[in-house]
**Student:** 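Right, I'll just put the structure down here and ask away after.
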Amino acid sequence: MRTLGLQLDDRRMADDPFDLEPELEAGVPAVAAPGEVDEAEWLQRMRHSAAHVLAQVVLEMFPEGKIAIGPPIDTGFYYDFDLPRPLTPEDLSQIQKRMRKEMGRNHRFVWEEISVDEARDRFADQPFKQELIDQFSLDSDRLGICTHAAFTDLCRGGHVESTRQIGPFRLTSVAGAYWRGDERRPQLQRVYGALFATKEELDAHFQRIEEAQRRDHRRLGRELDLFAFDELVGAGVPLLLPDGAIVRQEMERLIRELQEARGYREVWTGHLARGELFRRSGHLENYSDVMYPAMREHDEHRNGSEDDEDGEAYFLKPMNCPLHMTLYNHSLHSYRELPLRYAEYTTLYRYEKSGQLSGLTRVRSLTQDDCHIFITPDQITDEVARVLELVQTLFTTYGMPNFRYELSLPGEGGKYVDDPQAWSIAVTALRDALDKAGIDYVEQQGEAAFYGPKADLFVSDVMGREWQLSTIQLDLIQPARLGCVYVADNGERRTPVVIHRAIHGSFERFMGILIEHYAGAFPLWLAPTQARCIPIADRHQEWADEVARELREAGLRVDVDDGNERMQAKIRNGQRRKIPYLLVIGDREVEARSAAVRVRNGEDLGAMPLDQIREMLTQLKASRANEPA
RNA sequence: GCCGGCGUAGCUCAGUGGUAGAGCAACGGUUUCGUAAACCGUAGGCCGAGGGUUCGAAUCCCCCCGCCGGCUCCA
């Protein structure tokens, strides 16, 4: 079997896989007959049961293997193993075959409760199970086990009656996964399987994956000549081709317009700064692992001591905040000037670990639509509301309604700045602003930045992976560390609160998401080529050129396909290029000073006078309508 | 960073130790056509980089780089 190596939505498990309560809720049978539980529960049970069969077969093939956990997930199941050697794709198909055979043998699942001591005994040679027993025995002196064939697993139940009731499945991939999700602990081999109630649903699942692959921005970026990566340039450094650069420019144009209208002022701070700046801001201390290493001055100019190396060195900036705060400090500000909004669109450099890189969505050179807003503490709620309005406006413009917010709060531990009162004010203000805007969000403990709480907006890519785009962060510490002050109405000097915020997040990541959102078919205002003239024969060339010229004069991006292919081929090419409008020009159109308008979706609007076409396209462009679909 | 897979023409992919291939794209010519592929021809490669084994390496081994999936991380 060929490994598909793809999972949709794996991460979104219904339950914590380690929350293996030894007993099910009252009335829910550990082993259920068909019809005894609802469809969704039955599916979960088939998946969970399949995981047990997987473990059975793997242990038969590797008797010295150690088993960890094997929960159901959104698309099937997985099981984690510690085995003497890595599993190959051939092993996977072998395992799959044996699983099917075992299922055909119709083993019954038998669930029972045993004492902790008995459990320790039964799983004597299973260290991971021993650890789970340690955990569960804190809450209960009885533990569940489930047996089918000659295989017994520590298990809270949730099975079908017998292995023949397990639905159609396919093993999809094997991947490394740390025990208990902790990278300091052993890395296990995780075998993933897809399982659905029917063969049709299983096929539909793989169909969905194929469709997802077709709109993957990495693939579309190549097909549409939007961007490229090159080994010689370096991993994680996206290169925009002319068409990709147009999309990027339109995104920048949009956010500049929106921000200028909301009182933002654009600044520019370049790409480098001395280590001393990042030391004072706290970045070197907290984030040196994602900063590129120091760039030293040439030896003959160096005068720093060994202790002071970082302070004397230069660093590529990983964020703009210290620079914006430095700019702020170039004059003394009155409370009357606040909020003061510094916007910047320059590239940041972060050393993302190689395994984290992913197309445009995770890169090492990224360009934020970044801004730092200096405010007084009592302006927090209002200003956050203004930022939320901006976010809503942007996502509405792109026609992207499917996002979710997360409110990230401090957790336990020393990572956070110790000022409980400031945290409390900031968290309350942020929560209020979200509530007032009527935004749904989930609160996440321990996800805050070291300097303050934040509200982040997440969107899923076509493969089901979630990416953070917009972020609104309250900063309670950096302004003080960098000596920012404003003069209050009583003449006192006070430290401003700073809101760090990015709306697109990074243009790179957002472009990746956008490409997938539109499946490469950008609305007119974003489309690299907005219309293409297609002369049917050479004698139509002149009028086609004229149409293109006039539309370009109206500010539209229009080209002419003057190749010697047949019209049908030109239409096909234009369509594959996902150009919003194709303007077909033959004898009739030359005669009538018109063009036949074909929309990207195949719709034929018929011949329209040039003036009307220009009017329609400029209108669409100006309104940034999400058209044509 | 870790585990696994992969790297051959611009793209998609054949080629498992003995002279590097196909389709599409590109380019040249012919064709001048009414809404998703006209025809003929030409060119295109340090088989990701380096090292090794061998009479001989795209093919086997080592190391590096990159890509893909997952894990972990993400100011």
Side-chain angles (χ1 to χ4, degrees), chain A residues 2-7 10-11 78 80 86-89 91-92 172-192 213 216 218-219 222-223 225 228-236 281-283 286-287 289-291 318-322 348 350-359 362 366 368 408 415 447-452 454 456 463 465 467-468 471 473 475 478 500 502 509 534-541 564-576 582-589 596-599 602-607:
Chain A
R2 204 172 135 58
T3 302
L4 236 180
L6 270 169
Q7 297 285 324
D10 280 341
R11 264 156 307 267
Y78 70 78
D80 287 346
L87 291 171
T88 63
D91 290 326
L92 223 55
T172 53
S173 62
V174 55
Y178 300 105
W179 169 237
R180 312 213 109 182
D182 185 340
E183 67 179 329
R184 290 161 306 196
R185 311 217 47 191
Q187 192 169 41
L188 310 171
Q189 295 191 66
R190 174 170 298 176
V191 177
Y192 280 106
Q213 285 169 331
D216 187 312
R218 292 166 296 192
R219 175 170 167 165
R222 202 171 38 231
E223 288 176 358
D225 291 319
F229 288 90
D230 195 293
E231 263 189 67
L232 195 54
V233 172
S281 69
H283 287 91
N286 286 290
Y287 302 110
D289 55 330
V290 291
M291 291 174 70
M319 335 184 65
N320 292 310
C321 31
L348 307 174
R350 298 179 183 179
Y351 186 78
E352 302 287 357
K353 287 188 274 182
S354 59
Q356 321 294 10
L357 300 173
S358 175
R362 192 81 178 261
L366 64 146
Q368 289 182 339
S408 297
K415 164 182 165 186
E447 295 293 314
F450 77 93
Y451 49 70
K454 55 181 184 157
D456 295 329
M463 304 306 291
R465 293 178 281 222
W467 301 97
Q468 185 208 94
T471 183
Q473 309 176 351
D475 189 344
Q478 280 190 81
H500 305 238
R509 173 176 291 179
I534 297 182
I536 292 175
D538 287 352
R539 64 180 179 280
H540 310 125
Q541 179 88 37
N564 64 352
E565 286 160 309
R566 296 168 63 223
M567 175 202 64
Q568 280 85 346
K570 292 180 182 180
I571 287 175
R572 182 168 189 263
N573 290 335
Q575 191 93 12
R576 288 206 301 187
L582 299 179
L583 308 176
V584 179
I585 289 163
D587 291 336
R588 298 196 294 269
E589 287 75 21
V597 181
R598 185 192 159 108
V599 192
E603 192 186 347
D604 186 355
L605 299 185

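Below, chains carry the letters A, B, ... as their sequence lines are ordered, and counting in each starts from 1.
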**Student:** Provide the distance between the two P atoms, one in B:G45 and one in B:G21, to the nearest whole Å.
**Tutor:**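 Nearest-Å result for B:G45 against B:G21 at atom P: 13 Å.
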
**Student:** For every nucleotide of nucleotides 9-15 of chain B, 5' to 3': is a protein heavy atom under 4.0 Å from its base (B), only from its sugar-phosphate (S), or from neither (-)?
**Tutor:** --SS---

**Student:** Check whether any side-chain nitrogen or oxygen of A:Arg184 sits under 4.0 Å from OP1 or OP2 of B:C2, and answer yes or no.
**Tutor:** no

**Student:** Going 5' to 3' along nucleotides 33-44 of chain B, which nucleotides have protein heavy atoms under 4.0 Å from the base (write B), which only from the sugar-phosphate (write S), and which from neither (write -)?
**Tutor:** BBBBBB------

**Student:** Calculate the interatomic distance between A:Lys570 atom NZ and B:U31 atom C1'; express it in whole Å.
**Tutor:** 12 Å

**Student:** B:G5, B:C71, B:C68: which one has an atom nearest the side-chain heavy atoms of A:Arg218?
**Tutor:**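 Nucleotide nearest to A:Arg218's side chain: B:C68.
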
**Student:** How close or far is atom P of B:C74 from atom NZ of A:Lys353, stated in whole angstroms?
**Tutor:** 9 Å

**Student:** For the pair A:His283 and A:Phe450, name the ring-plane relationship: parallel under 30°, tilted 30 to 60°, perpendicular over 60°.
**Tutor:**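 Rings of A:His283 and A:Phe450: perpendicular, over 60°.
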
**Student:** Work out which heavy atom in A:Pro318 is nearest to a heavy atom in A:Met291; give both atom names and the distance.
**Tutor:** CG-CG, 3.6 Å

**Student:** By nearest atom, which of the nucleotides B:G69, B:G48, B:C73 is closest to the A:Gln356 side chain?
**Tutor:**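 When the side chain of A:Gln356 is considered, B:C73 is the closest of B:G69, B:G48, B:C73.
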
**Student:** Choosing from B:G69, B:G4, B:C65, which nucleotide comes nearest the side chain of A:Pro86?
**Tutor:**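 Taking heavy atoms from C-beta onward, the closest nucleotide is B:G4.
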
**Student:** If I pick the P atom on B:G10 and the same atom on B:A25, what distance separates them, to the nearest angstrom?
**Tutor:**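 Going atom to atom, P in each nucleotide, I get 16 Å.
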
**Student:** Run the side chain to side chain donor-acceptor pair (under 3.5 Å) test against A:Asp182 and tell me which residues pass, sequence neighbours left out.
**Tutor:** A:Arg184

**Student:** Can you check whether A:Ala502's main-chain N or O pairs, donor with acceptor, with A:Thr471's side chain at less than 3.5 Å?
**Tutor:** no

**Student:** Which part of the nucleic acid, if any, lies within reach of A:Gln473 when heavy atoms closer than 4.0 Å are counted: base, sugar-phosphate only, or nothing?
**Tutor:** sugar-phosphate

**Student:** Let me know, please, whether A:Asp216 or A:Arg362 comes out on the 5' side of the other along RNA chain B by nearest nucleotide.
**Tutor:**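 Looking at the nearest nucleotide for each, A:Asp216 comes out on the 5' side.
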
